[in-house]
Amino acid sequence: MKHYTSYKDTIKAINSGKSSCYTIVQDYLKTISEKNPEINAFVQVFSEESLQRAKEIDQKILEGRAGKLAGMVIGIKDNICIKNHNVTASSKILKGFESLYNATVVERLIKEDAIIIGSLNCDEFAMGSASENSIYGPVRNPLNRNKVPGGSSGGSSSAVAAKMCLVALGSDTGGSIRQPASFCGVVGLKPTYSRVSRYGLIAYASSFDQIGPLANNVEDTALVLEVIAGIDKNDSTSSSRKVGNYTCVNTKEKRKIAVLLDCLELDGLDSEIKNSIDKTIEELKQEGHEVEYLSFPYLDVLVPTYYVLTTAEASSNLARFDGVHYGYRTEHPKNLEDTYINTRTEAFGEEVKRRIMLGTFVLSAGYKDDYYKKSQQVRRIVQDKTNEILKDFDFILSPTTPHTAFDIGKKQTDPTVMYLEDIFTVHANITGNPAISLPMYKHTNGMPFGLQLLSKKFSERELLSFSLELMHEYTKDGK
Ligand code: GLN
């Protein structure tokens, strides 16, 4: 059994007759059946359907009419709708719910002949940093099965890292693509807000959410972004800007890079992570890139701002789960109010309830000016300050996370400890800028960790080109 780690190698093997879509899908199904019982990344596997699709695409390849992702095997986070399949966002409240339509991203992948192999476990409604808040149970990190894979797209990162699919889609509201990518040693990209349609993504915090790819390398990430990005009449917030050519060339341009001192001086940042980032900065300087340290006195307010605004939006978005419209309904309700209360009490998990309560509180009449409005103002200040930095610099560089993957169960008891995991990632969601995590390092504890780059809005092409250069030139094995 052979798993290719890039789309380039996959399609080469298919075109040369060494393999076929059918064989490739069979191999992935085999790996899933071996590894998934323990890793728990997939919550549904579409075995028959993907084998059938593989056959059809093999035929299309023979006839020279296959799309640009022909034979790419993809897993989809369980908060993205796939037609005629259950979609639950890992919540009991959506148990039994079947989607009547495909999310735009899924539709676009299928149109280019990607093969959707199944749906992936995550934190309930994408709320979490460890993929432990799920009705399906925790996901395990394939690199050390006692550790979390990160969250909330932990099913996506572990499926790619364990070679159970070539690429996965995740969603990122405050880091849920980049943090699990960092914990599992894969690439994870959060595109610019509005670059990718959110139609068919179960909303957590609508002004923060973005869908993006997790992959083994920058090239596959770019290829998938190229397919899923672009305006969509079903999402009025999607941008009408032209989609660039992201499958990039390595431009070797000299770049201007900002490093936020406050990030590197953060109390509690793992010293090995700090040293590795420092070393990369030195290497970048030696290569002729300009690197400057800047102060960013807003680091402390990012996490609180994020949690006030996202919980406010979540409390409104999750109001639709009432036991009437979708999925689960309480048994024997006495009246309508009873239906609402009991359904929600029985079927939302603890973290989701906590966030609905917090969100309702920060929006309540007596407090909304102190919390919600204040946080909106802080969001604007952070956006302005970030834009100002990016006028002079191409990228803001930081670690993706303050630590490597932690043990399962370790941070479950104190939500505020868990929330601080997002300290470096929420920035890009507060501002709407694109950001990527690159699996450049390995800790002496054996776990990988990522370097994060944040760039100007809609500059995915530059972001991906520079990422490619970093992965090729600045990692030991240069792959
Ligand atoms: N870990 C963050 C949270 O719990 C981010 C979640 C996300 O990006 N979906 O909110």
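Counting starts at 1 for both ligands and their atoms, in listed order.
- Formation of a donor-acceptor pair under 3.5 Å by the Thr280 side chain with backbone atoms of Ser276 is found in this model.
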As a quick check of understanding, evaluate side chain to side chain contact (heavy atoms under 4.5 Å, CB included) for Phe125 and Asn79, giving each step before the final call. CA-CA 7 Å; Phe125 287 105; Asn79 61 351; over 6 Å; no

Mind listing the side-chain donor-acceptor pairs of residues 150-159 below 3.5 Å, one per line with the distance, residues two or more places apart or on another chain?
unit_1, atom_1, unit_2, atom_2, d
Ser152, OG, Lys77, NZ, 2.8
Ser152, OG, Ala126, O, 3.4
Ser152, OG, Ser176, OG, 2.7
Ser153, OG, Lys77, NZ, 2.9
Ser153, OG, Ser171, N, 3.4
Ser153, OG, Ser171, O, 3.2
Ser153, OG, Ser176, O, 2.8
Ser156, OG, Leu169, O, 3.0
Ser157, OG, Pro149, O, 3.3
Ser157, OG, Gly154, O, 3.2
Ser158, OG, Gly154, O, 2.5

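- Around ligand 1, the residues contributing at least one heavy atom under 4.0 Å from the ligand are Ala126, Met127, Gly128, Ser129, Ser152, Asp172, Thr173, Gly174, Gly175, Ser176, Tyr204, Tyr306, Tyr307, Arg355, Asp422.
- Between Phe296 and Tyr298, the ring planes lie perpendicular to each other; the angle is over 60°, past the 30° to 60° tilted range.
- Side-chain atoms of Gln452 and Arg178 include a donor-acceptor pair closer than 3.5 Å.
- In this structure, Tyr199 has its ring center under 6.0 Å from that of Tyr101.
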